[in-house]
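Given the structure is predicted, the values throughout are model-derived calculations rather than measurements.
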Amino acid sequence: MPSVLGLRPVPAVAATLPEPPRRRTRVLALPEARGALAALVLFLAALPLKLVDAPVWTWAPLFAATYVIGGWEPGREGLKALRHRTLDVDLLMVVAALGAAAVGQVLDGALLIVIFATSGALEAVATARTADSVRGLLDLAPSTATRLLPDGREEAVAAEDLTIGDTVLVRPGERVGADGRVLDGESDVDQATVTGEAMPVAKRSGDEVFAGAVNGSGALSVRVERDPADSVIARIVKMVEEASGTKAPTQLFIEKIEQWYSIGMVAATVAVFAVPLALGAALEPALLRAMTFMIVASPCAVVLSTMPPLLSAIANAGRHGVLAKSAVVMERLGQVDAVALDKTGTLTEGTPRVTDVLTLPGARMDEGGLLTLAAAAEHPSEHPIARAVVRAARERGLAVSPWEVVDFASVPGQGVTAVVGGRSVQVGSPARLTHTGGPQAGSAVRNLEDQGRTVVLVLCDGVPAGVLGISDRLRPDARATVTALTGLTGRTPVLLTGDNERAARHLAAEVGITDIRAGLLPQDKVAAVREWESQGLRVLVVGDGVNDAPALAAAHTGVAMGKAGADLARETADAVVVRDELATIPAVVALSRRARRLVVQNLLIAGIFITTLVVWDLAAALPLPLGVAGHEGSTVVVGLNGLRLLREAAWPRPATGRR
């Protein structure tokens, strides 16, 4: 169905309806966030008063409020775990903080409370944002559709009320209401949300279309072949929710040994107090020794062994454009041993660009003239290929004169026709115009298509004038990134894409990837990730689109491209590359591995301090002030060691992932 410039477009049913509100949880609506913010404000208010030796009554109530407000949530969670006969680090942290306060180290205990409260708040915010984006994904599918009745009449119905066998009309610019098959009409359909393809796909009778895909300039009659509740978009939502829910619980390294450490410390503290009493010791010395033991054996230094390196790594990565959503994420980035990369919008820029301009014999014009003519004819069109042609002409400084264009017409799936400066120009699909192209045009088209290009043929007054090659441009650092990730993991990354096999193989050859899986729907990407993880691999998935979100959620670690990526991908992923710089991905993996090494160093330092102080306290009465000094000294040492990752020099060199 041709679309002619100047005709009034048919109004879309969906355009008359109010847009659905953006369903986004406010940060302060979360109790964890409110508690963490209040604790931080109180702590910052009390800190200067404490440091300048102000009267106790000025800062003590503020610190007390910090303990109560900031420790409420982790303490409550710790007690819940205790009811299930599990002693976790939350409760241990609260006990350690209270123990520090009991011996006069109020500031240190309050700092521990604030750190844990903030960590819990960040986790709660990330969880809420993911849920918001999953719900918002449903807005990609229209809330209403135009159903065609047997007598030819139209009726607007809720998309969820469509049934298999119904016929719906999809007007230009509307979203497809349900998965189905085209009965009549031709159009270019943008289905990037489902398949990730960079350019719209020509659809005609017999072709499959997906709910949520955006129709181009033609009208389509579509027979519904899948219940709306089982559409590809609905299944993406379900897969993200299932993958997020079934993903193995993430734990920091220290949390993996917290049960044994916590139980052992509590049991030992009780023994240090009870055994001397049973042997006839006085109450006060026994209590003092037990209190000293609890302080020197408390996990403050152990906990801070983990957090400063990871938090410093998060801050350093953030300065270089990578947002890791938690300390757990930063730790997991260094554990990956396999990488899967999306194509469009990840390895490529996601925007079609003219890469080749070839004139044909007999055209009587140079490349500039050919591109100028094609750009003028394409100027009125909103098709991505048309915009790429116009952009290419302007980037070369060519004068595009749209006012010289008359009798413009666009035929979906074929291209455009127009009269430019008195000359009849056709720009479109070689498959539709090839009968007028001749053998030379056919040879040029095949050569470009073999290179993975999308090709358009330009006819001037019915004579083939030239061909244009259009491709989604590779990111400048793509090849170096693939090489760096191969060096870090010991295996070449895999390409997962919904694009066609030929385009995928051409791009993979450019960046050095040999394992290509093309033409994948979202569920196919998830299946590939789960296949690798069933083999014991910890997979890092990098993507940018809605169609990548289920794989990002299912993977050991997911990284989203943030600049032009879909909201769902950014919220589902564990980390976001804010400026779309691929080179930062191997760099942050290398930084994570260094942070993990510092964690191990800190645990050894903390272990040596704790062991020495505990043996001293058990073998000979350790003076409480000396025990506190040793305990705090170990905390300072591991804290400063972890803060080394804040330095600019700690960030690995771009595109190599190596120091």
Side-chain angles (χ1 to χ4, degrees), residues 1-22 135-195 197 200-237 380-384 386 408-417 432 546:
M1 180 179 295
S3 174
V4 182
L5 190 68
L7 292 182
R8 188 176 67 175
V10 180
V13 173
T16 64
L17 299 176
E19 290 189 6
R22 181 162 177 75
R135 290 193 301 269
L137 178 60
L138 295 174
D139 295 337
L140 289 176
S143 57
T144 64
T146 303
R147 181 162 58 191
L148 297 178
L149 302 177
D151 60 6
R153 291 185 298 113
E154 302 175 5
E155 66 172 352
V157 298
E160 61 186 18
D161 293 337
L162 293 173
T163 59
I164 297 174
D166 282 348
T167 300
V168 296
L169 174 64
V170 186
R171 293 187 172 93
E174 289 185 344
R175 290 186 180 272
V176 180
D179 290 0
R181 200 165 297 276
V182 177
L183 293 178
D184 186 35
E186 293 185 2
S187 187
D188 295 312
V189 177
D190 182 354
Q191 53 189 34
T193 54
V194 178
T195 65
E197 292 168 284
V201 179
K203 299 290 185 180
R204 56 184 65 90
S205 180
D207 289 340
E208 185 178 18
V209 292
F210 303 106
V214 181
N215 189 23
S217 57
L220 298 175
S221 295
V222 177
R223 183 179 63 245
V224 178
E225 292 191 340
R226 192 176 289 123
D227 188 279
D230 193 37
S231 69
V232 173
I233 286 290
R235 279 184 286 167
I236 289 176
V237 173
S381 174
E382 289 298 318
H383 195 284
F408 171 83
S410 173
V411 180
Q414 295 187 28
V416 303
T417 61
R432 296 301 183 90
V546 168

*Measure across Val182 and Arg204 and return the closest heavy-atom pair with its distance rounded to 0.1 Å.*
CB-O, 3.3 Å
*Ala159: side-chain contact (heavy atoms from CB on, under 4.5 Å) partners, not counting sequence neighbours*: none
*Residue pairs, two or more places apart or on separate chains, that pass salt bridge (charged side-chain N to carboxylate O under 4.0 Å, His left out) and touch residues 211-221*: none
*side-chain contact (heavy atoms from CB on, under 4.5 Å) between Val170 and Asn215, worked out*: CA-CA 7 Å; Val170 186; Asn215 189 23; 3.7 Å; yes
*Output all residues satisfying side-chain contact (heavy atoms from CB on, under 4.5 Å) with Asp184, sequence neighbours left out; order by chain, then residue number.*
Ser221
_Quick check for you: to the nearest 0.5 Å, what is the distance between Arg175 atom CZ and Asp190 atom CG?_
8.0 Å
_From Glu155 atom CD to Leu148 atom CG, the distance as rounded to the nearest 0.5 Å_ = 9.5 Å
*Donor-acceptor under 3.5 Å (Arg181 side chain, Gly206 main chain)*: yes
*Under the side-chain hydrogen bond (donor to acceptor under 3.5 Å, both in side chains) rule, collect the residues that match up with Glu208, sequence neighbours excluded.*
none
*Please list all pairs passing the salt bridge (charged side-chain N to carboxylate O under 4.0 Å, His left out) test where one or both residues lie in residues 156-170, with sequence neighbours left out.*
Arg147-Asp166
*asked:* Taking salt bridge (Lys or Arg N to Asp or Glu O under 4.0 Å) as the definition, give me every residue that meets it alongside Glu154, ordered by chain and number, with sequence neighbours left out.
replied: Arg171
*Looking only at atom types and distance, does a side-chain atom of Thr146 sit under 3.5 Å from a main-chain N or O of Ala156, one as donor and one as acceptor?*
no
*Pairing residues for Ser381 by the side-chain contact (heavy atoms from CB on, under 4.5 Å) criterion, not counting sequence neighbours*: Glu378, His383, Ala386, Phe408, Val416
_Point-to-point distance, once rounded to the nearest 0.5 Å, from OG of Ser205 to CG of Leu220_ = 10.0 Å
_Taking every non-hydrogen atom, the tightest pair across Arg223 and Leu183_ = NH1-CD2, 2.9 Å
*asked:* My understanding is that only one of Thr144, Leu162, Thr163, Val168 makes a side-chain contact (heavy atoms from CB on, under 4.5 Å) with Val157; could you say which?
replied: Leu162
_Minimum heavy-atom distance between Val214 and Gly173, given as atom pair plus value_ = CG1-O, 4.1 Å
*So, for Asp207 and Lys203, which heavy atoms are closest and what is the spacing to 0.1 Å?*
OD2-CA, 3.5 Å
